[in-house]
*Asks:* 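Dropping the structure in here first, questions after.
Basis for what follows: all heavy atoms, side chains included, without hydrogens, waters or symmetry-related copies.
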Amino acid sequence: MSTEEKPAAAPRSLAEALRGRDDAELAALLRSRPDLVTPVPTDLTQLATRAGTRASVVRALDRLDLFTLQTAQALAVAADPASYDELLGLLAGDEGDRAVSAALPGAVRTLREQALVWGDDDRLRLVRTARELLSPSPQHPSPTGLGPTVREATAGMSPGRIQEIVTTVGLPSTHDSVSAVAALTGLFTDRERMAELLAEVPFESLEVLERLVWGPPYGQVTADPATRLRRLLDRGLLLPTAPGTVVLPREVALHLRGGRAHRTVEPVPPPVGAAATHPPQVVDATAAGQAYTALATVEELLKDWDEGGPAVLRSGGLSLRDLKRTAVALDVTEPVAAFWVELAYAAGLLASDGEADERYAATPAYDTWRERPAAERWTTLAAAWLTATRTPGLVGGRDAKDHTLSALGPGLDRSAAPEVRRRVLTLLAGLPEGAAPDAGSVSERLRWERPLRATGGAAGSGSTGSGTGSGSGGGDDLRSRLARWTLTEAEMLGVTGRGALSAHGRALLGMPAPKAHAERTDRSPEPTGPGDRLPVHHRPAVPPSPLLTPAEQAAASAAAARLLAPQLPEPLDHVLLQADLTAVAPGPLQRPLADMLGVLADVESKGGATVYRFTPGSVRRALDAGRAATDLHAFLAAHSRTPVPQPLTYLIDDVARRHGHLRVGAASAYVRCDDDAMLNEILADKRAAGLGLRRLAPTVLAAQADPAGLLEGLRQMGFAPAAESAEGDVLITRTDARRTPPRAAPEPVPEGPPVPDDTLLAAAIRAVRAGDLASTAPRKAKAGEADAGAGSGELPRTGSAETLATVQAAVLTGESLWIGYVNAEGAASQRVIAPVRVEGGFVTAYDHTADEVRTYPLHRITGVAELADDEN
């Protein structure tokens, strides 16, 4: 006799609904809500309990897109449980909406996947915590603008008053308030009878309802209401909730709205529009030029701080004065300077030295970075920017304590920044190649994808944002600002060119090169019910795993470097010397040439070509660094495409001839010179009065100033002294590059628990399944007890003798047992085992919960129970 498989019973709780899921569905839940797996739940009941906690539900609601959130909000004002058709009616209204009908299956699927909704399509239930957060209340109005139901609004009303309302609307009086409220509710939800009732209400009274219909549903009345209000109160179309306060019942509002829970429903994400379109080659070339400028700017910044950068504020970060000085040195605005400083810090090229007089300086990683190819140096900066949680755009703003936020200081981390940056660039990648986006449409799209964050609402505080319309209501929210900053910073960094995503920028995101620009058409049939597949236009708006793993990001960076390298200009090995004591570098210079020229000359202007100017001070700087005049002549002749101008030759020779003629050493300080006439000239100069000079010998002057001050003073007087050591040798003064001890780049601040990898998910699901098997295994009742049924969650308790006897009997019969076990750390668990042998105080058994053979000390088994026989 064959037995037909019985249909699965409808789940009675979220835990039962989770037990009906397969491993892939549980993995999807834990991946979308990673807080549920930290720590790993002991069984599915604990997983369901954790999924219903306030903090976890708030976090899950925070990550819903607008339409899915509107679906949850509609369920919160629907009956509990609600059918799929009822939910569709609340969203699409009486007239229906094809787009809503197509998108709703996907929204319900998302809510089910994230364990915010459970139950079959005829009994959809929103988890209790989510219903409490999204349901309307006087303190926290619903985002739908609906008020309480008739039953809720009449909870404190006298029975006599309820009967008066029932009689006024033409319903027969009842013997109790419960049936009277039910009859009134039935009237208000019957469209035909409700239309007849409203037809009896004067126009001026209907105007009052129209003002309340889309919310807020509460209004104020006097002790003696006007006639137009009295007609509404007598018919229950307005119900009193407190002295002087009335509310529009939910059923009445839904009738007036045509069945809609929201004024405006947005089932489809708003498109990102293109503001302009450029040839892809122009975009890539422009982005490459910006990338080269970014490298030059970071190098200039750290070169400026080579001898020790600005001091670290006591509270951390750069002072406003130092930021202004840095902006002047880089010839940029202060916000842009803050961006470059923060970028170098995020890439690990800049840090504080940790000394008592703490200052900022380049790290040893900067020297390694400088030696790498230009394209690889750029990908280091770009990858650091993409994943950094520090937000330079906040510099100059105020924190919660009204303190100014400074560059490199605390308080700049925003955990949403990496996700927003990647999401904005992903939206750019979805545009036709070479298209620059409209910034407003990008912000609107982000608001649709994260409406709670866009409105600044926090479900945990009862404010969930408007949830209606376009999701607006938080005009200048953090995500919109992050989006604007992303577009600006991506352009400065060279990820985009003329606002459009470049080829190497696309590769940096780990995306393949774009194919043909023909739009993909998917003419799938329109879903007609909850069982149809997810429509194309309502696939999840945000990728399930927006951030790449370190290995994936490294591969993406290498691909970006390969695309960028041919676009960058090749370093030059020459300059153009001019007769006005300047040198023009028509492009980037090779590093040895640039370093030497940076010592021998001063940068006069930057741009497509860099102009260097030779001065007596710059030539003396090169001589102080140990270069001889012949070396300088040879260097210029070897690297100039034009003949060395005669004025430059004379300048070098003139400075070299006087360089070192005077010697300054340490006494307090002294000056010695073989030419006593020159010493007489110095003593006679009024500018030397502050140096405290006096003659010790015909060729020696002593000074009260220190050697460094004496050197500077004589140079300001037009002389070219050289410092000497205690042994009388000339000191060669090279600019020493100051470096911090090895420093790691700042770690991004994560946004909640990290998404578990596949290995952790598999182990967590196996552990949850095992614990659930043990906690729900049916067992036999002991003599004198009622039927034990399924496991109650409590560990079995038996004496040691009974435990040993039961285990030994199970070895002989081959039956499985349900045991309680406490491990060496004191953690208790329940297990289902099939004992194989008992000896030496240990039982060896096949553990069904762990799916392997294990050995357990008998003294750690708290008790045993036989499993009940399966019933068909």
Side-chain angles (χ1 to χ4, degrees), residues 269-297 332-333 335-340 342-343 375 378-379 381-386 388 391-393 417-449 476-517 519 541-542 546 556 560 563-564 566-568 607-608:
V272 176
T277 302
H278 309 283
Q281 297 82 357
V282 174
V283 170
D284 292 344
T286 304
Q290 290 295 113
Y292 171 73
T293 302
L295 295 177
T297 303
V332 295
T333 62
V336 174
F339 168 72
W340 293 119
E342 284 287 345
L343 179 63
W378 179 83
T379 57
L381 297 179
W385 168 75
L386 198 58
T391 310
E419 180 212 340
V420 173
R421 290 192 193 108
R422 183 171 290 275
R423 185 60 189 144
V424 169
L425 296 180
T426 301
L427 292 175
L428 267 62
L431 294 174
E433 194 176 4
D438 173 67
S441 66
V442 172
S443 295
E444 286 301 313
R445 179 60 171 265
L446 292 178
R447 286 195 181 105
W448 187 92
E449 293 177 353
D476 197 27
D477 58 276
L478 177 62
R479 285 175 67 84
S480 293
R481 286 184 290 156
L482 286 172
R484 292 200 306 271
W485 294 333
T486 296
L487 294 173
T488 302
E489 293 167 1
E491 188 73 13
M492 289 193 295
L493 192 52
V495 177
T496 60
R498 299 196 177 185
L501 188 65
S502 64
H504 54 270
R506 185 185 299 268
L508 185 70
L509 298 175
M511 295 183 175
K515 299 179 181 178
H517 303 319
E519 294 185 3
V542 181
L563 290 174
L564 177 62
Q567 300 279 346
L568 294 175

*Asks:* Please report the shortest heavy-atom distance between Phe339 and Pro392, naming the atom on each side.
*Replies:*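 Minimum heavy-atom contact is CA-CB, 3.8 Å.
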*Asks:* Does the Arg447 side chain pair with the main chain of Asp477, one donor and one acceptor, at a distance under 3.5 Å?
*Replies:*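 No, Arg447 side chain to Asp477 backbone: no donor-acceptor pair under 3.5 Å.
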*Asks:* Begin with the C-alpha distance, continue with both residues' side-chain angles, and end with the deciding distance and a verdict on side-chain contact (heavy atoms from CB on, under 4.5 Å) for Val424 and Leu446.
*Replies:* CA-CA 8 Å; Val424 169; Leu446 292 178; 4.0 Å; yes
*Asks:* Just do the side-chain contact (heavy atoms from CB on, under 4.5 Å) check on Thr486 and Trp385 with the steps written out, would you?
*Replies:* CA-CA 10 Å; Thr486 296; Trp385 168 75; 4.1 Å; yes
*Asks:* So, for Glu491 and Gln290, which heavy atoms are closest and what is the spacing to 0.1 Å?
*Replies:*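 Between these two residues, the closest heavy atoms are O-NE2, 3.3 Å.
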*Asks:* Using the side chain to side chain contact (heavy atoms under 4.5 Å, CB included) rule, pick out the option among Leu427, Leu508, Leu509 that qualifies with Arg422.
*Replies:*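 Result for side chain to side chain contact (heavy atoms under 4.5 Å, CB included) with Arg422: Leu509.
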*Asks:* How many angstroms lie between atom CG of Leu493 and atom OG1 of Thr488, to the nearest 0.5 angstrom?
*Replies:*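 Leu493 CG to Thr488 OG1: 12.5 Å, rounded to 0.5 Å.
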*Asks:* Which heavy atom of Ala503 sits nearest a heavy atom of Asp284, and at what distance?
*Replies:*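 Answer, listing the atom of Ala503 first, then Asp284: N-OD1, 3.0 Å.
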*Asks:* Can you measure from CG (Leu381) to CH2 (Trp340) and round to the nearest 0.5 angstrom?
*Replies:*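 Leu381 CG to Trp340 CH2: 8.0 Å, rounded to 0.5 Å.
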*Asks:* Ala435 and Ala274: which non-hydrogen atoms are nearest, and at how many Å?
*Replies:*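 Taking Ala435 first and Ala274 second, the nearest heavy atoms are CB-CB, 4.0 Å.
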*Asks:* How long is the gap from OG1 on Thr426 to CG on Leu501, to the nearest 0.5 Å?
*Replies:*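 The OG1 atom of Thr426 sits 9.0 Å away from the CG atom of Leu501.
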*Asks:* Please name the pair of heavy atoms, one in Thr496 and one in Leu487, separated by the smallest distance, quoted to 0.1 Å.
*Replies:*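 For Thr496 versus Leu487, the nearest heavy atoms are OG1-O, 4.4 Å.
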*Asks:* Hey, does the side chain of His504 reach the backbone of Ala288 with a donor-acceptor pair shorter than 3.5 angstrom?
*Replies:*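 Not a single qualifying donor-acceptor pair exists.
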*Asks:* Under the 3.5 angstrom rule, does the side chain of Ser502 hit a backbone N or O of Val495 as a donor-acceptor pair?
*Replies:*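 Here the side-chain-to-backbone pair exists.
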*Asks:* Can you tell me how far CG of Leu386 sits from CD of Glu489, rounded to the nearest 0.5 angstrom?
*Replies:*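 Answer rounded to 0.5 Å: 11.0 Å.
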*Asks:* Return the minimal non-hydrogen interatomic distance between Pro280 and Glu433, and the atom names on each side.
*Replies:*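 Answer, listing the atom of Pro280 first, then Glu433: CB-OE2, 3.7 Å.
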*Asks:* How many angstroms lie between CG in Leu482 and CD in Glu419, if you round to the nearest 0.5 Å?
*Replies:*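 It comes to 10.0 Å.
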